[in-house]
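This report concerns only the one structure given below.
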Amino acid sequence: MPDQAATSKPQPKRKPPSSGNRRNPHTHKAVIKAALELLKTVHYPALTIESIAAAAGVGKATVYRWWPSKGALVAEAISSTLTVEDPPDTDDLRADLIAAAEISIRNYAYPSSGVLITALAADLAEDPELLQSFVSTFVQPRRALVRKLLQRAIDEGVIAPDVDPDLIMDMWAGAVMYRRALNHTPIGNTFAEELVEVFLSGAPAHKLGKSP
C-alpha cells in the first residue's frame, strides 16, 4: 500500500483575505488632502483624478475604486472640512440659534481647508454629479440637524408657526454666500446675531431669554 503522505498532493497556500473596497485610512487621508490642496490652485474643471492620485502618491486605480467620479471625491473632500454636528441645546434658545448661524458662517465663508464653497458654485450648477454628492454628504445632514433646532424654536413660540425652517436656512446660507462671493462685504462678529434677529424681532422678550 503506497505511503499516503508521499502520494497526497500539496495543499495550495491560502491567499490573504482581499481588502476589496475597504479604505486604508492613511491612503484615504492622503487622497483627501491632495484634492483639497490642488483645489487651492486649480479650478475644478481642470482637476483630474490622475493629478490627485499623483499628488497623494497612489495609483489612480485606487482612487477610482473608492470614488466613482471626480465629483464624488471632491464633494467628500470639501465636506470633510465642514462642520456637521448637533446644534446647541441649552436653556438659552436665542444663543443656540446664534451658535447655529455662526457654524453656517464658518462653513460657507471660512472653511478650515481654505476651499470656499462659493468658489465651486458655478461647478456645482454645471456638474450634476458633484452637486448630488455634495448635497448628500454635507447639505442634507447639516440641514437636518439645524431643522431640529428651528423646529424647537417654533414649538416654543420663538418663531412663528407659519415660518418655513428651510427658508430660514436658505436665508442664512444665501446671505453669507452673497456677502462672500458677490458683494465682498465684511462679515463681522455680529453677523450671526443679525441673521437670527431678522426672524426673531417679533418674539416676546421672555421667550428669547432677554430681560424685560
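In this text the structure is predicted, and so the values were computed from the model without any measurement.
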Quiz item: Does any non-hydrogen side-chain atom of I49 lie less than 4.5 Å from one of W67?
Solution: no
Exercise. Determine the minimum heavy-atom distance between S80 and L36, stating which atoms define it.
Key: OG-CD1, 4.5 Å
Practice problem: Kindly write out the residues that satisfy ring-ring contact (aromatic ring centres under 6.0 Å, His included) with F138, not counting sequence neighbours, or none if the list is empty. | Solution: F134
Quiz item: Got a sec: does the CG of D155 have more than 12 other heavy atoms crowding it under 6.0 Å?
Solution: yes
Exercise. Carefully, step by step, assess V84 and Q140 under the rule side chain to side chain contact (heavy atoms under 4.5 Å, CB included).
Key: CA-CA 10 Å; V84 179; Q140 289 179 340; over 6 Å; no
Self-check item: Expected output: side-chain N107 to main-chain L82 donor-acceptor under 3.5 Å
Solution: no
Quiz item: Is it true that R94 and E193 make a salt bridge, defined as a side-chain N closer than 4.0 Å to a carboxylate O?
Solution: yes
Practice problem: Check whether any side-chain heavy atom of T62 sits under 4.5 Å from a side-chain heavy atom of W66, and report yes or no. | Solution: yes
Quiz prompt | SB check E37 K33 (cutoff 4.0 Å) | solution = no
Self-check item: Inter-residue atom distance R152.CZ - L93.CG, 0.5 Å rounding
Solution: 4.5 Å
Quiz item: For the side chain of T137 and the backbone of S133, is there at least one donor-acceptor N/O pair under 3.5 Å apart?
Solution: yes
Quiz prompt | Closest non-hydrogen atom pair, A53 against V63 | solution = CB-CG2, 3.9 Å
Quiz prompt | Under the side-chain contact (heavy atoms from CB on, under 4.5 Å) test, residues paired with L131 that sit two or more places apart | solution = L124, V135
Quiz item: If two hydrophobic side chains count as joined below 4.5 Å and joins carry through other members, does M169 share a cluster with I103?
Solution: no
Self-check item: Nearest heavy atoms of R179 and P186, plus distance in Å
Solution: NH1-O, 3.4 Å
Quiz item: CD1/I52 to NZ/K60 distance, rounded to the nearest 0.5 angstrom?
Solution: 13.0 Å
Quiz item: Which heavy-atom pair separates A100 from R142 by the least distance, and what is that distance?
Solution: O-NH2, 3.0 Å
Quiz item: Considering residues, nucleotides and ligands other than E129, do more than 12 of their heavy atoms fall under 6.0 Å from its CD?
Solution: yes
Exercise. Taking the side chain as every heavy atom from C-beta outward, state whether S51 and L38 have any pair of such atoms under 4.5 Å apart.
Key: yes
Quiz item: For the atom pair CG (L149) and CD1 (I168), what is the distance rounded to the nearest 0.5 Å?
Solution: 9.5 Å
Quiz item: How long is the gap from CG on L130 to CD1 on I78, to the nearest 0.5 Å?
Solution: 6.5 Å
Quiz item: Taking the side chain as C-beta and beyond, is there a heavy-atom pair between L73 and I32 under 4.5 Å?
Solution: yes
Quiz item: If you count the non-hydrogen atoms of other residues, nucleotides and ligands that lie under 6.0 Å from CD in Q132, is the total more than 12?
Solution: no
Quiz item: Say you draw a straight line from NZ of K148 to CG of D86; how long is it, rounded to the nearest 0.5 Å?
Solution: 4.5 Å
Quiz item: Taking the side chain as C-beta and beyond, is there a heavy-atom pair between F199 and V163 under 4.5 Å?
Solution: no
Exercise. Tell me, with the steps shown, if I105 and W172 meet side chain to side chain contact (heavy atoms under 4.5 Å, CB included).
Key: CA-CA 8 Å; I105 291 172; W172 284 359; over 6 Å; no
Quiz item: Of the non-hydrogen atoms in L150 and P165, which two are nearest, and what is the gap between them?
Solution: CD1-O, 3.5 Å
Quiz item: Under 3.5 Å, side chain of R147 to main-chain N/O of D166, donor-acceptor pair present?
Solution: no
Quiz prompt | Rounded distance (nearest 0.5 Å) linking atom CG of N24 with atom NZ of K29 | solution = 12.0 Å
Quiz item: Can you name the closest pair of heavy atoms from I187 and R180 and give their distance?
Solution: CD1-CD, 4.5 Å
